[in-house]
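Every number for a ligand or one of its atoms is a count from 1 in the order of the listing.
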Amino acid sequence: MLSGKKAKIAVLVSGGGTNLQALIDAQNSGIIQSGEICAVISNKADAYALERAKKANIPGFVVSKKGLGSQEAFEAKIKEILTENNIDIIVLAGFMCILSEDFTKAYPERIINVHPSLIPSFCGKGFYGLHVHEAALAYGVKVTGATVHFVNEIPDGGKIILQKAVEIEEGDTPEILQKRVMEQAEWKILPRAVELVSQSI
Ligand code: GAR
């Protein structure tokens, strides 16, 4: 750890923010103790994740790609917030935007993503949110799960930090499966991975 100091964490979100909530709860319960969530950045002004940040007294920021007009301007604004807040670790928790190679190269092994499948299955371009679970059910796999990995220039292609398997059950719909994968895997391994990476900084 940074000479006894906690690693400063920014969480990037786009939607409901249940993974953000899992991180906030883990910080409160001591599962995360080597890092501290200092900023939540959303690309959507109406993301419920921002409400969760507010309730936890974490500064929230909205950075809209549409409003800024280009990927470059969007990423420059995010970088500005990260720099101003001295952020060490960036967690993508349901952040539905692809970051450029320029951006990911600026933070090697400092950006963490949670993905709702066992990578390398059902990952990469087009595999996000419910689509991942639709694809798993359509293929007919009997086991799926979640993966937390470092982010590099290849979508969902960075080094794996933690994975957890989840059984598929008779009668599963994408929505039912998504909820089980979150409860049994994502909300457990994401906080653990964030603590592991915070310790290593
Ligand atoms: C989660 O299932 C997360 O793994 C997934 O989106 C959901 C966000 O939920 N992320 C991806 O698919 C990224 N490729 P949340 O906003 O409630 O955390």
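Listed by chain and number, Gly16, Gly17, Thr18, Asn19, Gly94, Met96, Val114, His115, Pro116, Phe127, Tyr128, Gly129, Met182, Glu186 each place a non-hydrogen atom less than 4.0 angstrom from ligand 1.
Annotation for Ser70 and Ala73: closest pair OG-N, 3.0 Å, computed over non-hydrogen atoms.
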Output a table of donor-acceptor pairs, distance under 3.5 Å, between side-chain atoms of residues 123-137 and any protein atom two or more places apart or on a different chain; print 'none' if there are none.
| from | atom 1 | to | atom 2 | distance (Å) |
| --- | --- | --- | --- | --- |
| His131 | ND1 | Glu134 | OE1 | 3.4 |

Show the atom names and distances, to 0.1 Å, of all donor-acceptor pairs under 3.5 Å that link a side chain in residues 158-167 to residues at least two apart or in another chain.
| from | atom 1 | to | atom 2 | distance (Å) |
| --- | --- | --- | --- | --- |
| Gln163 | NE2 | Ile119 | O | 3.0 |
| Gln163 | NE2 | Thr147 | OG1 | 2.9 |
| Lys164 | NZ | Gln184 | O | 3.0 |

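Between the side chain of Arg52 and the main chain of Gly17, a donor-acceptor pair closer than 3.5 Å is present.
Hydrophobic clustering, defined by side-chain heavy atoms of Ile, Leu, Val, Met, Phe, Trp and Tyr closer than 4.5 Å, groups Phe74 together with Leu12, Ile41, Phe61, Val63, Leu68, Ile78, Ile81, Leu82, Ile87, Ile90, Leu92, Phe95, Leu99, Phe103, Tyr107, Ile111, Val151.
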Margin query: Quick one, Thr104 with Asn152, criterion side-chain hydrogen bond (donor to acceptor under 3.5 Å, both in side chains). Give me CA distance, side-chain angles, the key distance, then yes/no.
Written below: CA-CA 6 Å; Thr104 57; Asn152 65 8; over 6 Å; no
